[in-house]
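Right, one structure below, let's go through it.
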2 protein chains.
Amino acid sequence: MDHDFCRAHCTARMTPTEFSPATRAQLDRADALCTEQGARLTQQRREILGLILDAKTPVGAYDLLEKIKTPDRRPAPPTVYRALDFLLEHGLIHRIERLSAFVPCTHLLHDAHAHNPDHCHNHDHETCLHTAQFLICKSCKSVTEIAESSVLTTLRSICREQKFAMQSASIEVIGLCATCAAKERPASNAPRKQATSSPS
Amino acid sequence: MDHDFCRAHCTARMTPTEFSPATRAQLDRADALCTEQGARLTQQRREILGLILDAKTPVGAYDLLEKIKTPDRRPAPPTVYRALDFLLEHGLIHRIERLSAFVPCTHLLHDAHAHNPDHCHNHDHETCLHTAQFLICKSCKSVTEIAESSVLTTLRSICREQKFAMQSASIEVIGLCATCAAKERPASNAPRKQATSSPS
DNA sequence: ACGTGTCATGTTATAATATCACGTTCGGAC
DNA sequence: GTCCGAACGTGATATTATAACATGACACGT
Ligand SMILES: [Zn+2]
Ligand SMILES: [Zn+2]
Ligand SMILES: [Zn+2]
Ligand SMILES: [Zn+2]
C-alpha cells in the first residue's frame, strides 16, 4: 500500500548520486533481473551498483565506501561488503581477484538480456554466472570481460579428465590493451630513443 | 675462511625446522636454479621455501611468519613478504589469488628440471613462469597445478584477436577434487539420508 | 492493534593481508 | 681493509575484509 509511496519517497530523498539516463537504464535492467530471481535491488544496492557501472575502471570496496558518504550518513565497511556480496551472488558484478576490486558484469552493459531472457537459459547458468574471463590492462587499468566460452570449454574438459568437479573459475590475464601497447612501442622495433619512457 | 664455519654454525643454531631428505633435495634443486640465474637462495629464503614445500595445502604469509618464529627471533611481516617476492620472481612458488596463499611450483616437485635443464627453454619462459593454472578443492584445500598448456594456448589466441599483449595470467578453478567429490555424494543419487552432512 | 519472523541495515570493533621507511648487517669485488 | 649493493631487522602504517550484536522496516497471522 504505502510501500510504493515509501520507495518513491526514499528514492527522492536519499539518492546522493544522480546517475545518467544510460546508467539508470542499466540499473532498471538489473532491478528486473533481481525481481525475476525473487530478490530486491534495494536503494543501497542500487547505488553501489550504479557507482560500479559508472566507473571506467574496477572499483575497490573502500572507494565505494568513500563515495557513498554524505554529511548525514557515514556508512561502515560491512554496508558496502554486504551490497557487494548481494551483487556478486546475483551475477550483476564480478570481483577481480588480482585487484581486489569490482566491475559490472557485461551482461548488464549490453541489452541482450533485456530482449531475450531465454538467453539466460541456454548456457550453464550455474557455472557461467560465477565464472568470467578478464583482460586487465596494467597501464590504463581497463578491464575487458571476454564473453568467449572457448576457455571455459577447455577448462571443463581438463577438469573432466581429472575428475575435478568445477564450481567456478577465475581467469585473469594481465598485460597491455591494444591502445596502451601502441603507446608503449611507438615504432615496431625502434627501442633507440629515450628508453621508451615505460610507465612501470 | 671462517665463513664456512659460520654457515654451519648458523645452520645448526637457527634452523628451527629440520626438513626431510626429500624436501632438502628439492631445496637443493631450487638453489641450483637460483645460482643459474645469478640469484642467491639464502638461508631465510630457503626456510620459507621449505615450509611451503612441506605444506600439503597453500600457506598464507602470516602462517609462515608464525612458523619461522623462535624464542630468539621474532621476524616481522616484511621478512616473509620479501622472501615470497624473491621466490615468486624466480618461479619457485605461485600465489593463489583466491586464497591469498602460496604453493610451490610443480617444476620443483618433479625432477624434470634436474635432469634436463633444456626443458626450460622449449616453452615460453617469459609467460610460463608467471602463469599457471590451478584446481583448488574447496573441501580439502588441496591445490593441483595443471601443466597442460591448452588453456594458455586458447587464451593466447583470444588475446591475439583482441590485440591484447598478455604478460601473465591467473587461472584458478574452484570446486571439489575427485576424492572430496566422492565423499560428498556417497551414492550417485541418494540424497535422502540426513542432508548428506555437506560441509558447507 | 499486537506479537513475531525475516530481511536489510546500522554500528563498533577487530581480523587478516600487505607495504613503507629507515637503519643495520652481510657478502663479495676491488 | 674499503666500499657497495643486496639482504635483513624493526616499527609503524596502509589496505582489505569480517565478526558480533543491535536496530529498523515490513509481512503475516491472530
Ligand atoms: Zn559477466
Ligand atoms: Zn590500457
Ligand atoms: Zn609452476
Ligand atoms: Zn578435496
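To find a chain, count down the sequence lines: A is the first, B the second, and so on, and within it residues start at 1. Computed from a prediction, not measured in an experiment: that's the story for all the values here.
Under the rule for a salt bridge (Lys or Arg N to Asp or Glu O under 4.0 Å), Glu161(A) has no partner lying at least two apart in sequence or in another chain. Scanning for side-chain contact (heavy atoms from CB on, under 4.5 Å) contacts around Thr179(A) gives Cys177(A), Lys183(A), with sequence neighbours left out. With sequence neighbours left out, the side-chain hydrogen bond (donor to acceptor under 3.5 Å, both in side chains) criterion links Asp28(B) to Arg46(B). By the side-chain contact (heavy atoms from CB on, under 4.5 Å) test, Arg24(A) is found to be paired with Phe19(A), Pro21(A), residues two or more places apart in sequence or in another chain being considered. For Ala39(A), the side-chain contact (heavy atoms from CB on, under 4.5 Å) partners two or more places apart in sequence, or in a different chain, are Cys34(A), Phe86(A), His90(A). Residues passing the side-chain hydrogen bond (donor to acceptor under 3.5 Å, both in side chains) test with Glu145(A), sequence neighbours excluded: His94(A), Thr106(A). Among residues two or more places apart in sequence or in another chain, the side-chain contact (heavy atoms from CB on, under 4.5 Å) test is passed with Thr144(B) by Gln162(A), Leu135(B).
Test Leu92(A), Leu64(A), Leu49(A) against Leu84(A) for side-chain contact (heavy atoms from CB on, under 4.5 Å) and you get one pass: Leu64(A).
Hydrophobic clustering, defined by side-chain heavy atoms of Ile, Leu, Val, Met, Phe, Trp and Tyr closer than 4.5 Å, groups Ile96(B) together with Leu99(B), Val103(B), Phe134(B), Ile136(B), Val143(B), Ile174(B).
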Kindly give the atom pairs (protein nitrogen or oxygen, nucleotide nitrogen or oxygen) under 3.5 Å for nucleotides 20-25 of chain C.
none

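Contact check of residues 95-104 of chain B against DNA chain D (heavy atom, cut-off under 4.0 Å) returns no residues at all.
Checking the phosphate oxygens (OP1, OP2) of dG10(C), a side-chain nitrogen or oxygen of Gln44(A) falls inside 4.0 Å.
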Pairs under 3.5 angstrom only: tabulate donor-acceptor contacts from the side chains of residues 53-60 of chain A to other protein residues two or more places apart or in another chain.
from     : atom 1 : to       : atom 2 : distance (Å)
Asp54(A) : OD1    : Thr23(A) : OG1    : 2.5

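With centroids closer than 5.5 Å and planes inclined by less than 30 degrees as the test, Tyr62(B) and the base of dT17(C) pass as a stacked pair.
For the helix from dA1(C)-dT30(D) to dC30(C)-dG1(D), the axis fitted to the five pairs at one end and the axis fitted to the five pairs at the other end meet at an angle of 20° (nearest 10 degrees).
The base of dA19(D) lies outside donor-acceptor range of the side chain of Tyr81(A), with no N or O pair under 3.5 Å.
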